[in-house]
Student: 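Following this message is one structure expressed as structure tokens.
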Amino acid sequence: MGSWLRLVTLLLLCSVATSQGADWKKSLTDSTPGTFPLPRSLVANYRFGWSGFTAATATVDLTRRDDQSVELKGRGRTIGLVRLLWRMDVSHDALCDGAALRPISVEQLEEVRGKKITTRLSFSDTAVMRTRSDRPADAPAKAATPKTKRFPFPHLFDLFTSLLYVRSQPLDNRSVQRVVVYPATSAYLTTLTVTGHEKITVGAGTFNAIVFDLKLSKVGKNNRLEPHKKFRRATVWISDDADRLLLKAEAQIFVGSVFGELQSVRFPDAPR
């Protein structure tokens with residue numbers, strides 16, 4: 001994960017394994033969707049930062065289509081003093097099968113440090129095909145030389161579908177969801193454990209929430225698990241209601257503690 005904002009995005013939408021050997025695959029959760037319904041179409045705004053200081057904002061637009069697919073469009077940017085020091089803009093567009101909760105495609109564009117980095121993912125039932133290119137921000141798109149990589153692994157999730165899958169489950173106390181997520185350039189064994197239920201206040205209001213402990217391990221060469229060099233652990237809160245909104249995440253990473261928090265949400269299709 002090459003940037004701080006991308007790392008925060010990873011810890012939001014979607015965890016360390018109990019074993020470093022090949023047997024870790026046997027611990028994966030059944031990837032069949034649960035019975036909790038898909039989220040409504042919504043537009044949500046988040047802020048990101050550390051120690052109460054806001055460094056970036058993002059808007060997430062989720063749309064349910066008539067063909068049973070679900071589309072997510074995310075737009076994020078650094079703001080304020082942080083933007084003066086480190087200008088970054090990112091877009092993340094994802095499409096998934098809403099019935100099976102399987103990813104179809106992802107396109108991510110990052111503009112940071114004078115470069116434009118484009119990542120495209122195409123998922124099948126058995127693998128993901130990644131195409132990645134970078135170029136100077138002022139260079140034409142044809143100046144970039146794409147690099148392609150195939151990662152074979154059955155039933156992969158991307159960031160978006162990993163969240164949809166987890167929220168579809170019953171989420172009883174101490175329940176565990178363990179899946180492999182491919183967010184952009186590498187695969188991660190992601191483990192989410194429900195640690196309890198509590199009331200939490202964020203910018204969008206006060207909610208009853210489901211609390212998760214989140215851990216990550218990188219899936220390296222020959223599917224061997226490797227420690228995540230920048231991420232240590234995180235706590236995630238999802239609203240305990242009919243929407244199961246992603247409310248907040250706090251993570252311990254190599255530079256300290258960072259957070260993401262829901263500031264507002266609206267439902268375009270809701271009666272007025």
Side-chain angles (χ1 to χ4, degrees), residues 1-15 43-61 72-94 106-121 130-141 143-147 158-160 162-163 181-188 190 202-204 214 216 218 227-237 246-264:
M1 306 291 290
S3 67
W4 175 84
L5 184 58
R6 185 145 40 98
L7 179 64
V8 174
T9 304
L10 172 61
L11 70 90
L12 278 173
L13 297 167
C14 15
S15 321
V43 179
N45 295 296
Y46 290 87
R47 70 183 182 104
F48 306 93
W50 64 89
S51 301
F53 179 79
T54 300
T57 60
T59 298
V60 174
D61 190 335
L72 178 142
K73 291 183 176 293
R75 302 291 182 269
R77 64 196 301 268
T78 51
I79 62 172
L81 178 61
V82 173
R83 190 166 183 84
L84 293 176
L85 300 173
W86 186 26
R87 184 183 181 93
M88 180 176 183
D89 297 276
V90 60
S91 65
H92 185 95
D93 298 341
V106 173
E107 181 169 342
Q108 179 173 283
L109 174 63
E110 299 167 88
E111 296 187 39
V112 60
R113 295 173 180 169
K115 296 178 66 175
K116 287 187 176 181
I117 304 169
T118 302
T119 305
R120 294 184 175 89
L121 306 177
R130 185 199 78 193
T131 303
R132 187 172 174 85
S133 63
D134 63 76
R135 58 187 169 90
D138 56 356
T145 302
K147 296 181 180 179
D158 68 338
L159 287 174
F160 183 33
S162 65
L163 176 60
V181 181
Y182 198 101
T185 60
S186 299
Y188 294 86
T190 304
V202 294
L214 181 150
L216 293 173
K218 183 178 179 180
H228 197 302
K229 296 180 180 180
K230 297 182 178 180
F231 177 92
R232 293 172 184 169
R233 67 182 307 150
T235 303
V236 179
W237 290 262
L246 181 59
L247 299 175
K248 185 176 181 178
E250 291 182 347
Q252 300 298 318
I253 63 173
F254 69 109
V255 296
S257 179
V258 297
F259 72 87
E261 181 182 298
L262 179 66
Q263 294 299 288
S264 65

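Everything quoted here is computed from the prediction, not taken from an experiment. Values reported hereafter were calculated over all heavy atoms of this structure, with side chains retained and with hydrogens, waters and symmetry mates removed.
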Student: Under 4.5 Å between any side-chain heavy atoms of Val236 and Leu246, yes or no?
Tutor: yes

Student: Closer than 3.5 angstrom, by distance alone: can the side chain of Thr78 be matched with the main-chain N or O of Trp86 as a donor-acceptor pair?
Tutor: yes

Student: With the side chain counted from C-beta on, respond yes when Leu262 and Trp237 share a heavy-atom pair under 4.5 Å apart, and no when they do not.
Tutor: no

Student: Can you give me the closest heavy-atom contact between Phe231 and Ala251, atom names plus distance?
Tutor: CE1-CB, 4.1 Å

Student: To the nearest 0.5 Å, what is the distance between CE on Met88 and NZ on Lys115?
Tutor: 12.0 Å

Student: Does a side-chain heavy-atom distance below 4.5 Å link Thr57 with Gln263?
Tutor: no

Student: Distance check, rounded to the nearest 0.5 Å: Asp134 atom CG versus Thr119 atom OG1?
Tutor: 9.0 Å

Student: If we only count heavy atoms from C-beta on, is the Arg75 to Lys73 side-chain gap below 4.5 Å?
Tutor: yes

Student: In this structure, are over 12 heavy atoms from other groups packed under 6.0 Å from Arg120 atom CZ?
Tutor: no

Student: In the structure I gave you, are the side-chain heavy atoms of Val82 and Phe53 within less than 4.5 Å of one another anywhere?
Tutor: yes

Student: Kindly compute the distance separating OG1 (Thr235) from CG (Leu214), expressed to the nearest 0.5 Å.
Tutor: 8.5 Å

Student: Are Lys116 and Asp89 ion-paired here, with the side-chain N under 4.0 Å from a carboxylate O?
Tutor: no

Student: Quick one: pull up CZ in Arg132 and CG in Leu121 and give me the separation to the nearest 0.5 Å.
Tutor: 9.5 Å

Student: Between CG of Leu216 and NZ of Lys218, what distance do you get to the nearest 0.5 Å?
Tutor: 12.0 Å

